[in-house]
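Since the model is a prediction, treat every value here as computed from it, not as a measurement.
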Amino acid sequence: MSWAAMNYVRRLKRESGVVGNLRLLAIMIAWRIPTGHIESRPVSRGALARDTGLDRKTVRGLLKKVIATGLVRIGAAGRGRGRYNTYLIPNLAGPLFMVSDESEKGGESPPFFALEKGGESPPFPDDEKGGDSPHLASKRGAIRPNSVRTCTSKDVRTKTTTTARKPVAAVTYETALDFLDWFAGAYPAHHQGAQVTVSVEADGPVVVELLTTPCRTVERLQAMALAMWTVTAGEDPWLVRADDRGLLLLRHAADRLDRIVSAREAGQSVRSAACHYRHEPPCSSMAACLEREKSLVAAREATG
């Protein structure tokens, strides 16, 4: 899979016409492009429908539209009922990409990391057969998410599909790329202006794992990153001693950081409940809140 190709599609401007469901479809075509190439592995419309949470009729119409934009064109046309076509994104051609005549078989439902031999793919609801795809034996040490049920999009609703509970791979990948942009932008503010290097190919799978194992929202993951940068010795002495507070530490200490975020939210909730007059910062107790309000009222009356 090519995170660079997916990132290219995600960064297309609105003027390109590749937005909404059209962009989700293009992202999943880009997912099947091997790194350094511009042509995807063979893929069926049914696989693209599962990846995006759309029905086949909608996918068929979107394929016509995305081809009309010039972003995508059919490479090798498939035959028969399945129609396993390959798709090219010609604008990817450049120094980082090379054309290949490979026709490797692509999986029906993408896993959330680059496939390794014997790797496991997550269960996706299969509308054709009913039920989930079976688990395969996982390579020792490999960690793969079981679902992405929090990663859905209102935009993918159609007359014949409901995505409120359906995992949508395309939205997960796009969310991961959005988080990487946020992480790179927010990092300098907590490190005296120092920049951080982010690689979509290396760091994209890390973020997907954090979003899906267990399922987390991107807002929760952002709160965990902020906790990693602002942790105190009282909250976690081990994290305070960490020199490099980047994505690898975020992944390694995810459970610790999740607990810190929960503790902070619980503490904020208690303080907010105790602060009857909504002071900023919130008061720690009702007595302190009343005393503070009296002082503020007296100060306002003294100044007229």
Side-chain angles (χ1 to χ4, degrees), residues 1 3 6-7 10 21 23-24 27-28 31 47-54 107-116 119-127 131-136 138-139 141-157 161-183 186 198 200 202-228 239 246-266 268-269:
M1 62 178 289
W3 279 87
M6 288 192 295
N7 201 35
R10 186 183 66 97
N21 288 337
R23 183 168 68 168
L24 292 181
I27 282 176
M28 293 320 298
W31 181 89
L48 293 173
R50 285 191 293 275
D51 296 346
T52 58
L54 301 166
E108 279 292 294
S109 295
F112 291 91
F113 297 90
L115 278 175
E116 301 177 27
E120 178 183 346
S121 60
F124 279 81
D126 191 334
D127 296 328
D132 293 339
S133 58
H135 286 277
L136 301 176
S138 177
K139 183 176 180 179
I143 300 175
R144 299 185 187 280
N146 291 324
S147 68
V148 286
R149 296 192 180 275
T150 59
C151 307
T152 57
S153 171
K154 294 180 180 178
D155 191 40
V156 297
R157 292 183 183 274
T161 60
T162 302
T163 61
R165 301 196 178 197
K166 177 182 289 188
V168 179
V171 177
T172 304
Y173 290 124
E174 186 173 15
T175 301
L177 290 167
D178 288 341
F179 176 80
L180 288 176
D181 280 352
W182 174 87
F183 190 90
V198 171
V200 292
D203 298 327
V206 173
V207 176
V208 169
E209 180 185 343
L210 288 166
L211 287 169
T212 59
T213 311
C215 290
R216 297 184 178 96
T217 63
V218 68
E219 291 79 15
R220 182 69 171 191
L221 195 54
Q222 289 172 347
M224 289 165 58
L226 291 171
M228 176 177 65
L239 280 172
L247 286 164
L248 292 180
L249 180 62
L250 182 63
R251 178 187 186 184
H252 181 71
D255 291 344
R256 289 171 175 260
L257 293 167
D258 217 333
R259 288 194 294 269
I260 291 172
V261 171
S262 295
R264 288 183 177 184
E265 289 176 348
Q268 182 65 31
S269 177

Take Arg220 and Ser262 through the test side chain to side chain contact (heavy atoms under 4.5 Å, CB included) and record every step on the way to the result.
CA-CA 10 Å; Arg220 182 69 171 191; Ser262 295; 2.6 Å; yes
Do [X] and [Y] come close enough that some side-chain heavy atom pair is under 4.5 Å?
{"X": "Tyr173", "Y": "Asp51", "value": "no"}
{"X": "Val206", "Y": "Leu250", "value": "no"}
{"X": "Leu249", "Y": "Leu239", "value": "yes"}

Looking only at heavy atoms, what is the nearest atom pair of [X] and [Y], with distance?
{"X": "Thr52", "Y": "Met28", "value": "CG2-CG, 4.2 Å"}
{"X": "Ala227", "Y": "Val261", "value": "CB-CG2, 4.0 Å"}
{"X": "Trp3", "Y": "Gly204", "value": "CZ2-C, 3.5 Å"}
{"X": "Val208", "Y": "Ala176", "value": "CG2-CB, 3.7 Å"}

Would you please name every residue forming a side-chain contact (heavy atoms from CB on, under 4.5 Å) with Leu226, sequence neighbours left out?
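Listed in chain order: Trp182, His190, Trp229.
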Partner set under side-chain contact (heavy atoms from CB on, under 4.5 Å) for Ala254, not counting sequence neighbours
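Here the qualifying residues are Leu210, Arg216, Met224.
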Would the distance check show the side chain of Arg50 and the main-chain N or O of Ala169 forming a donor-acceptor pair, the cut-off being under 3.5 Å?
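It does not hold such a pair.
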Identify, with sequence neighbours excluded, every residue that meets side-chain hydrogen bond (donor to acceptor under 3.5 Å, both in side chains) alongside Arg10.
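Here the qualifying residues are Asn7, Asp178, Asp181.
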To the nearest 0.5 Å, tell me how far Leu177 CG sits from Asp203 CG.
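If I round to the nearest 0.5 Å, the distance is 10.5 Å.
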First locate atom CG of Leu257, then atom NE2 of His252, and finally report the distance between them rounded to the nearest 0.5 Å.
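One gets 10.5 Å once the value is rounded to the nearest 0.5 Å.
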Thr175/Thr172 under side chain to side chain contact (heavy atoms under 4.5 Å, CB included): CA gap, chis, key distance, verdict
CA-CA 5 Å; Thr175 301; Thr172 304; 5.7 Å; no
Between Phe179 and Leu247, does a side chain to side chain contact (heavy atoms under 4.5 Å, CB included) hold up when you go through it step by step?
CA-CA 11 Å; Phe179 176 80; Leu247 286 164; 3.9 Å; yes
